[in-house]
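Report on the structure given below.
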Protein chains: 2
Amino acid sequence: MPEPRFRRRKEDRPQEITEAALAAFAEKGYAATKVDEVAKRAGVSKGLLYLYFKTKEDLFKAVIRSFVVPKIDELTAIIDSSELTSEEFLRGPFLDFVKTLPGSPISVLVRLMISEGPKHPDLLQFYWENVVSRGLVALNVILERGIETGEFRRCVVHDLPHLFVMPVLFSVIFKLLFEKHCPDTDQLIEAQIDLLIAHMKGEIE
Amino acid sequence: MPEPRFRRRKEDRPQEITEAALAAFAEKGYAATKVDEVAKRAGVSKGLLYLYFKTKEDLFKAVIRSFVVPKIDELTAIIDSSELTSEEFLRGPFLDFVKTLPGSPISVLVRLMISEGPKHPDLLQFYWENVVSRGLVALNVILERGIETGEFRRCVVHDLPHLFVMPVLFSVIFKLLFEKHCPDTDQLIEAQIDLLIAHMKGEIE
DNA sequence: TCACTTGCTGACCCACGAGTCATTAACTAT
DNA sequence: ATAGTTAATGACTCGTGGGTCAGCAAGTGA
């Protein structure tokens with residue numbers, strides 16, 4: 001009895017295809033990745049891929065949406081389930097979380113957003129609303145909590161939670177481009193957080 | 001007497017073409033830019049472009065090289081011609097210089113490097129040696145000078161001059177992607193420099 | 001077992017854009 | 001003037017890759 005030439009698995013296909021696409025985009029970038037190549041990686045014909053995704057661009061958007069949102073959900077879940085003080089939280093779970101980002105598959109998505117984002121305003125909108133904005137809000141919650149409990153004094157940092165994100169973005173990109181010359185990203189991120197906390201706790205200069 | 005159909009201007013063509021290419025790449029990215037389009041912008045035929053640049057990739061590399069090096073030369077020139085203390089220098093000329101970067105045509109090159117860099121290792125090598133590395137060295141010079149004169153105490157910042165560059169890269173990218181939601185990049189950069197200087201001057205916590 | 005639905009295939013089409021080259025016309029030197 | 005040189009043109013080729021579709025075979029139900 002011969003193995004069937006293929007199996008019908010309508011349920012699993014989309015995820016298998018987006019996973020293959022993520023891997024392919026990661027290696028070659030969006031433009032240089034051929035749809036045929038993605039299909040091959042997913043063990044599927046090009047025709048089938050086009051049954052699930054109308055165009056290559058459509059596939060791209062699906063990739064972004066499906067991998068990035070779970071990641072930010074992770075962060076907000078950590079926050080909600082935590083009873084730590086703000087400083088403990090920033091030095092503990094938050095630090096651990098952001099340290100994992102450079103070098104993870106997620107960093108690939110950042111590169112894709114930078115490369116292709118400007119061509120897809122709707123995607124940028126989505127990314128803003130569901131990732132960046134939510135991340136900044138989450139940080140604000142922590143920082144405000146820190147003021148209420150008297151841990152932190154109010155200062156410029158509370159208007160610029162971006163200061164906490166900077167080293168992560170920097171590390172992701174630096175590692176991507178200059179792996180060989182990249183500083184210890186854990187140390188970089190940690191140093192920045194130390195700096196910020198010291199400033200928020202610190203005496204008025 | 002009719003205007004000549006074209007003029008022979010061997011000397012000026014390469015620069016005119018790279019300028020046109022920079023503008024085109026800025027708008028559409030590398031892959032989506034057609035060579036024909038670059039030629040049109042430069043007021044030149046595609047054939048001529050191929051007289052000066054062997055391939056599209058060759059043109060791309062020329063663009064990076066010719067616009068990015070002068071910019072870093074600018075920075076090192078400022079350093080050499082300055083007799084200020086380290087703090088004055090960082091808060092004065094250095095701050096002014098980096099503030100101009102987000103939103104300048106140079107920021108486009110950063111995006112191009114991120115998008116296309118991984119496909120061109122030799123270009124990355126060039127960029128590292130002639131831009132990033134030189135920039136970091138320049139910063140180190142300033143910071144060391146600050147220690148010698150007793151302005152600064154030695155701390156983690158001296159091992160991570162990257163901390164000064166982070167907000168610039170962050171601003172460039174943030175502005176590029178989320179113009180609408182972008183914080184005041186001047187303020188962000190300034191805040192980071194304040195933070196770092198305070199820490200370097202500061203009492204041991 | 002047989003008709004029927006539908007997930008899946010892969011050969012095909014064709015727009016598109018990188019790179020070529022035979023030809024032209026602007027300069028130059030004598 | 002005029003012959004020689006070369007900057008410059010633009011119509012062409014040709015590989016490539018996104019997208020299609022007629023047909024096939026795995027599942028389904030009676």
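Here the structure is a predicted model, which is why all the values come from computation and not from measurement. In the text below, chain A, chain B and the rest are named by the order of the sequence lines, each starting its count at 1. Side chains are part of it too, since the values below use all heavy atoms of this structure and drop only hydrogens, waters and symmetry mates.
- Contact check on A/Glu151 versus A/Arg145 returns no salt bridge, with no Lys/Arg side-chain nitrogen under 4.0 Å from an Asp/Glu carboxylate oxygen.
- Between B/Phe94 and B/Phe89, the ring planes lie tilted relative to each other; the angle falls in the 30° to 60° range.
- To the nearest angstrom, P of C/dG7 lies 15 Å from CG of A/Leu49.
- Between B/Arg9 and D/dA8, a side-chain N or O to OP1/OP2 separation shorter than 4.0 Å is absent.
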statement: Each nucleotide of nucleotides 11-19 of chain D classed B (base within 4.0 Å of a protein heavy atom), S (only sugar-phosphate) or -, in 5' to 3' order, makes ------SBB

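- A/Phe170 has its side chain out of reach of A/Ile189: every pair of non-hydrogen atoms, C-beta onward, lies at least 4.5 Å apart.
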- line: Nucleotide by nucleotide, nucleotides 23-30 of chain C touches protein heavy atoms under 4.0 Å in the pattern (B base, S sugar-phosphate only, - none) --SBB---

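- Classified by interplanar angle (parallel below 30°, tilted 30° to 60°, perpendicular above 60°), the ring pair B/His162/A/Phe174 is perpendicular.
- There is no side-chain donor-acceptor pair under 3.5 Å between A/His158 and A/Glu144.
- Within 4.0 Å (heavy atoms only), B/Tyr52 reaches sugar-phosphate atoms of the nucleic acid but no base atom.
- Taking atom CG on B/Leu59 and atom P on C/dG19, their separation rounds to 10 Å, with Å as the unit.
- B/Leu51 has its CG atom 14 Å from the P atom of D/dG10, to the nearest Å.
- Using a 4.5 Å heavy-atom threshold, the side chains of A/Tyr52 and A/Val44 count as separate.
- The distance between atom CZ of A/Arg13 and atom P of C/dT6, rounded to the nearest whole Å, is 18 Å.
- When all heavy atoms of B/Ala20 and B/Val38 are compared, the pair lying nearest together is CB-O, 3.8 Å.
- Atom CG of A/Leu48 is separated from atom P of C/dA11 by 16 Å (rounded to the nearest Å).
- As a whole-Å value, the separation of B/Asp58 CG from C/dA18 C1' is 14 Å.
- Every residue meeting the side chain to side chain donor-acceptor pair (under 3.5 Å) condition with B/Glu37, not counting sequence neighbours, appears here in chain and number order: B/Arg41.
- Electrostatic pairing of B/Lys99 and B/Glu190 counts as a salt bridge here, judged by a charged N lying under 4.0 Å from a carboxylate O.
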